[in-house]
Amino acid sequence: MTTPTSSPATEDVVHWPADLAARYRTEGYWQGRSLGSYVADHVAAHPDREALVDGDTRLSYRQLWDRSAALAQYLLDLSITPGNRILVQLPNCWEFVALTLACFRIGVIPVMALPAHRRHELTHLAALSESVALVVPDCDRDTDLREVAQQVAADVPTIRSVIVHGDFTSALGEAAVPEHSLASGLATTARFASSEYEPSGSDIACFLLSGGTTGLPKLILRTHDDYAYNIRACCEVSRFDADTVYLGTLPSSHNFPLACPGILGALFVGGRTVMLSSPAPERALRTIDAEAVTVAAAVPAVAQAWIEHQREHGTLRGNSFAVLQVGGSRMPDELAARVEPVLGARLQQVFGMAEGLINMTRLDDDSEVVVNTQGRPVSEADEIAIVDEAGQPVPDGTPGALLTRGPYTPRGYFRAPDHNVRAFTVDGWYASGDIVIRRPDGNLVVAGRDKDMINRGGEKISAEEVENFAYQLDGVDMAAAVAMPDPRLGERVCLYLTLTPGHRVELDDVVAAMDAAGVARYKRPERVEIVDAMPTTKVGKIDKKDLRERIRDRLAHESASRG
Ligand code: OOB
């Protein structure tokens with residue numbers, strides 16, 4: 001342990017109770033192995049089998065393993081050592097997989113930032129995790145991420161280096177810390193002894209990000225043991241095997257495409273992953289045929305785009321495509337019913353969370369279940385409770401708040417004791433904030449939520465975070481961000497404001513304030529409604545239910561009057 005930041009302090013981490021941890025070990029849920037070791041088995045068994053495809057790059061298990069060793073050595077050479085955190089923000093590319101494996105092999109902990117994150121989010125995540133390095137692409141659309149990374153490094157004293165993927169040659173304005181290139185990392189000769197670095201099952205494997213009901217995302221600590229079980233349980237339910245060809249097209253740092261079973265799942269079973277930088281329908285459907293993809297994962301908005309594209313253009317002609325997993329936000333039943341007839345792939349609904357619990361419909365469920373429910377827990381060791389406002393269990397068929405515990409659902413967020421008190425019960429149940437109905441057959445239907453979040457096509461936006469930006473504007477008295485329905489994305493952000501007399505605030509002003517603060521674009525409100533007063537509940541809180549209904553009715557009225 002070479003620096004003060006080399007391992008998180010124990011008080012920052014909430015562990016499973018010792019008796020339960022012992023049970024999870026004895027019963028084989030936790031196998032005491034590092035995530036990398038599961039992939040290593042396949043490297044040894046069939047080194048030449050193809051593991052990863054990204055455009056023209058095709059890597060066998062052996063080649064992927066060697067590249068991850070080179071990157072691991074590179075991290076070590078940069079004095080990034082076991083227990084250190086690094087903030088990783090990469091698009092879907094083979095280097096993401098090689099780097100993730102590199103971290104898993106030597107116990108460096110990747111913090112899985114999203115490609116859309118900008119200075120505001122990256123600074124918070126780097127500071128909270130005390131990251132020692134940032135790994136970024138050179139740019140994302142029109143944003144120079146090298147510049148952004150240096151701004152973050154200037155604000156977060158633990159950061160010692162920035163590692164750039166892509167063009168690295170042009171001069172940089174002002175550098176707070178030295179830049180290095182991922183390409184030179186890949187050219188490094190590995191010299192480290194694997195056995196010296198092999199993490200144990202209880203070591204931290206990675207940090208995922210919470211969907212965000214509070215101002216800024218919380219960090220979810222996943223251990224090698226629990227995440228490996230998450231992946232294995234999902235592989236079993238999704239029947240992943242050596243013949244699986246998985247299309248990784250949702251942003252890989254999300255739990256769903258990463259580990260449910262996702263990219264890592266395909267590598268756990270000796271299958272193959274095809275990385276695609278965007279889920280745009282034409283290319284995605286062509287890739288499914290060209291690479292004989294068997295399974296893909298999509299959010300409902302992406303599934304809808306694929307279905308429409310297929311109907312119009314008939315792009316998909318082959319017959320490899322067996323399963324389309326859909327999750328991240330509620331899939332309308334009518335859309336669910338169109339998947340198999342149009343795309344020829346069986347639908348698997350996935351209702352999961354980065355905090356743990358994953359529910360899935362089963363591949364041999366009746367169509368009625370697959371179309372109308374979001375499935376059931378993937379593990380027999382998952383505990384779920386559906387409760388009313390007093391915390392009492394509700395009968396099947398009645399909506400209630402979903403609580404969960406289990407071998408891959410951690411007991412607390414990292415360094416968030418105050419928030420943990422609210423998000424977890426004293427008995428360690430995680431309050432998901434989802435309102436669900438359990439049917440007598442055990443399948444769950446997501447009926448709503450009681451968390452203050454907007455789910456924009458699977459991307460989660462904290463209402464509080466948007467409101468905080470509105471409050472920075474002159475003349476804003478009260479602000480309330482709510483979901484407004486959208487036929488494509490499911491929901492978008494509508495911001496209700498009350499203003500001090502004589503002031504004017506428009507959508508552009510809010511967006512400009514968020515842009516100036518370096519906030520990810522997907523969090524931008526897309527409509528502002530000015531009202532004289534906010535409706536309030538009996539206890540005097542802003543009545544968001546009322547606001548959601550108002551904007552829903554208004555949109556319906558506007559669309560009716562457009563004809
Ligand atoms: C996935 O993970 P997160 O952490 O981005 O978001 C979790 C939340 C859930 O609590 C729920 O509110 C919503 O996203 N959600 C769904 C859903 N899947 C997720 N709501 C309705 N229907 C669904 N099928 O989104 C995630 C993680 C792993 C696998 C799949 C999704």
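Read the numbers this way: they start at 1 and go in the same order the structure lists the ligands and their atoms.
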Establish, yes or no, whether a centroid distance under 6.0 Å links the rings of Tyr227 and Tyr408. no

Backbone, side chain, both or neither: what part of Val350 comes under 4.0 angstrom of ligand 1, heavy atoms only? both

If the cut-off is 4.0 Å to any non-hydrogen atom of Ile358, which atoms of ligand 1 fall inside it? 28 (C)

Of all the atoms in ligand 1, which lie at a distance below 4.0 Å from a heavy atom belonging to Val446? 21 (C), 22 (N)

Report the relative orientation of the aromatic rings in Tyr29 and Tyr24; use parallel for angles under 30°, tilted for 30 to 60°, perpendicular for over 60°. perpendicular

Heavy-atom distances under 4.0 Å decide this one: backbone, side chain, both or neither, for Ser329 against ligand 1? backbone

Using heavy-atom distances, let me know which of Lys460, Met353, Met360, His254 sits nearest atom 25 (O) of ligand 1. Lys460

Do any heavy atoms of Lys451 fall under 4.0 Å from ligand 1? yes

Is a side-chain donor-acceptor pair under 3.5 Å present for Tyr229 with Ser379? yes

If the cut-off is 4.0 Å to any non-hydrogen atom of Arg330, which atoms of ligand 1 fall inside it? 20 (N), 21 (C), 22 (N)

Determine, using heavy atoms of Arg449 and all atoms of ligand 1, whether some pair is separated by less than 4.0 Å. no

Atoms of ligand 1, numbered as shown, that sit under 4.0 Å from any heavy atom of Ala354: 2 (O), 3 (P), 4 (O)

Check whether Tyr246 forms a cation-pi arrangement with Arg272 (NZ or CZ under 6.0 Å from the six-membered ring centre, at most 45° off the ring normal). no

Taken in chain and number order and not counting sequence neighbours, the residues that satisfy ring-ring contact (aromatic ring centres under 6.0 Å, His included) with His254 are none

Region of Met331 engaging ligand 1 - heavy atom pairs below 4.0 Å: neither

With respect to atom 13 (C) of ligand 1, which of Pro257, Gly328, Ser432 exhibits the smallest heavy-atom separation? Gly328

